[in-house]
Asks: 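Just passing along the structure, written as structure tokens.
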2 protein chains.
Amino acid sequence: MNEGVEWALHSCVNLCFIPGEAVTAKRLAAFYELPTAYLNKQLQALTRAGILSSTSGPKGGFQLARRPEKISLLDVVVAIDGADDAFRCTEILKAGPGADSKADYRKICLVSQAMHKAELTYRRELSGQTIADIVAQVEQTYPDTAGNTRRWFANLKS
Amino acid sequence: MNEGVEWALHSCVNLCFIPGEAVTAKRLAAFYELPTAYLNKQLQALTRAGILSSTSGPKGGFQLARRPEKISLLDVVVAIDGADDAFRCTEILKAGPGADSKADYRKICLVSQAMHKAELTYRRELSGQTIADIVAQVEQTYPDTAGNTRRWFANLKS
DNA sequence: ATAACCTAGATACTAAATATCCAGAATCCC
DNA sequence: GGGATTCTGGATATTTAGTATCTAGGTTAT
């Protein structure tokens, strides 16, 4: 899985701590010492996916496009990493003896189905967790984090 | 995920159709027109994991090391693809402000935990399905496959 | 003894992930 | 209007991981 998923999730959490304000890619990158241009690419992907909204120009930047309760971890994973299953069925059976060249083995191959079934539970679990859940857990487990993060971004702004 | 997982799963299923007999890497590869040397590498990994047993020399080859009911899909995936989570926590928080350099963020980071939780459901689902399950489904859904496969390997042997 | 076969490490090739750069468009502020 | 800031998107370079082959060595059946 793409490392950008980790960056994106943490960035979404951080944006929750700075509501109603656009944050530049540069500042989001500086928070974790990430390469700005590359993080920017992930933020663009989140924007295209409708998870973030962006504004150009001075005072511009990124912010959450909808409430964090409405952003599942799956939304973020799909936006950055794509919607493909980790197990990619290459229709190996097509090369086997007695293969039906017209058949779609991604559908009818039982190995493929079994792997896909597991993948579905993974996605279901990811879609059941939201950015808001993470934020709530952070606030409960590390009560200082929200304030510290807000302060860090406020200071860097000047 | 490594393409070898697909090859390994199908090869294990095929080995179920030819019980008590060692099958060479070459023949297993020929069945799906796979590169022999590379499939051999996956078979070796399965052997190291204790899923297959191998015998050298003429009449040698690979066979299941234990009954297919005792081989879960997770066993095969781990043998080929490794035990690492798809989501790899790079401990991004260590570079953030106020980080604890001694902390193991793979454990305490809530983003990491959330992703890992989903991964666990995936693995649980994979470990709940066995090669025997797949074989049973194949025999039910495609009744000719077992016989055809057996026959193909028998013919090629000569 | 020879041929068939697995083992394991070295090596080459290819695709994907990671990272940077630049020209263009939008926006703010003076 | 003009300059500065920032996002957008495509082009490009770099690095890493996946795919694939090869070779030397060990094991075993005939």
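A note on names: the letters A, B, ... follow the listed sequences, proteins ahead of strands, and every chain is numbered from 1. Atom set for the values below is all heavy atoms of this structure, side chains included, hydrogens, waters and symmetry mates excluded.
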Asks: Whole-Å distance between C:dT18 C1' and A:K41 NZ?
Replies: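 Rounded to whole Å, this separation is 11 Å.
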Asks: Once you round it to whole Å, what is the distance between C1' of D:dT21 and CG of B:L34?
Replies: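 That distance rounds to 15 Å.
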Asks: Write down the distance between CD1 (B:I80) and C1' (D:dG18), rounded to a whole number of angstrom.
Replies: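 Checked: the CD1 to C1' distance equals 13 Å.
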Asks: Let's see if you can work this out: which of C:dA26, C:dC6, C:dC28 has an atom nearest to the side-chain heavy atoms of A:K59?
Replies: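 The nucleotide sitting nearest to the side chain is C:dC28.
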Asks: In whole angstrom, what separates A:F62's CZ from D:dT6's C1'?
Replies: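 Answer to the nearest Å: 9 Å.
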Asks: Could you tell me how far apart A:L46 (CG) and D:dT8 (P) are, to the nearest whole angstrom?
Replies: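 Atom CG in A:L46 sits about 11 Å away from atom P in D:dT8.
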Asks: Scan A:A25 against the nucleic acid and name what it touches under 4.0 Å (heavy atoms): base, sugar-phosphate only, or nothing.
Replies: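 It contacts sugar-phosphate atoms only.
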Asks: Is it true that B:N148 and B:T145 share a donor-acceptor pair across their side chains at a distance under 3.5 Å?
Replies: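 Absent: no donor and acceptor within the cut-off.
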Asks: Examine distances only and state if a side-chain atom of B:E91 and a backbone atom of B:Y105 form a donor-acceptor pair shorter than 3.5 Å.
Replies: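 A pair under 3.5 Å: yes.
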Asks: Quick check for you: among C:dT20, D:dT30, D:dT28, whose closest atom lies nearest to any side-chain atom of B:P58?
Replies: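 Nearest listed nucleotide: D:dT28.
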Asks: On the nucleotide D:dT8, are OP1 or OP2 found under 4.0 Å from the side-chain N or O atoms that A:N40 carries?
Replies: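 So the side chain of A:N40 is outside the cut-off, no N or O lying under 4.0 Å from OP1 or OP2 of D:dT8.
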Asks: For C:dA8 and B:R48 - does any side-chain N or O of the residue sit under 4.0 Å from the phosphate oxygens OP1/OP2?
Replies: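 B:R48 to C:dA8 OP1/OP2: side-chain N or O found under 4.0 Å.
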Asks: What is the distance from CG of B:D84 to P of D:dT16, rounded to the nearest Å?
Replies: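 For the pair B:D84 CG and D:dT16 P, the rounded distance is 17 Å.
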Asks: Closest to the B:Y38 side chain: D:dT19, D:dT30, D:dC7?
Replies: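 The listed nucleotide nearest to B:Y38's side chain is D:dT19.
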Asks: Once you round it to whole Å, what is the distance between P of C:dT14 and CD of B:E3?
Replies: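 It works out to 16 Å between those atoms.
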Asks: Which sits closer to the 5' end of DNA chain C, A:W7 or A:G57, going by the nucleotide each is nearest to?
Replies: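 Result: A:W7.
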Asks: Identify which nucleotide among D:dA20, C:dA8, D:dT19 has an atom closest to any side-chain atom of B:Q44, counting heavy atoms from C-beta outward.
Replies: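 Nearest to the side chain of B:Q44 among the choices is C:dA8.
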Asks: If each of B:L43 and B:R88 is mapped to the nucleotide of DNA chain C with the nearest heavy atom, which maps nearer the 5' terminus, i.e. the 5' end?
Replies: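 Mapping each residue to its closest nucleotide by heavy atoms, the 5'-most match is B:L43.
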Asks: Which of these nucleotides, D:dA20, C:dC6, C:dT27, is closest to any side-chain atom of B:S54?
Replies: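 Of all the options, the side chain of B:S54 is nearest to C:dC6.
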Asks: Are a donor atom and an acceptor atom from the side chains of B:N14 and B:S11 found within less than 3.5 Å of each other?
Replies: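 The answer is no; no qualifying pair exists.
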Asks: Nearest-Å distance, CG (B:L39) to P (D:dA20)?
Replies: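 Interatomic distance, CG of B:L39 to P of D:dA20: 11 Å.
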Asks: Just how far is it from atom CH2 of B:W152 to atom CZ of B:F31, taken to the nearest 0.5 Å?
Replies: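 Separation between the atoms: 6.5 Å.
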Asks: Does this structure show an ion pair linking A:R27 with A:E21, if we count only N-O contacts that are shorter than 4.0 Å?
Replies: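 A:E21 and A:R27: salt-bridged.
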Asks: Among D:dA29, C:dT27, D:dT21, which nucleotide sits nearest the side chain of B:P35?
Replies: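 Looking only at heavy atoms from C-beta outward on B:P35, the closest nucleotide is D:dT21.
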Asks: I want to verify a distance call: between D:dT8, C:dG9, C:dC6, whose nearest atom is closest to the A:T47 side chain?
Replies: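 So the nucleotide nearest the side chain must be D:dT8.
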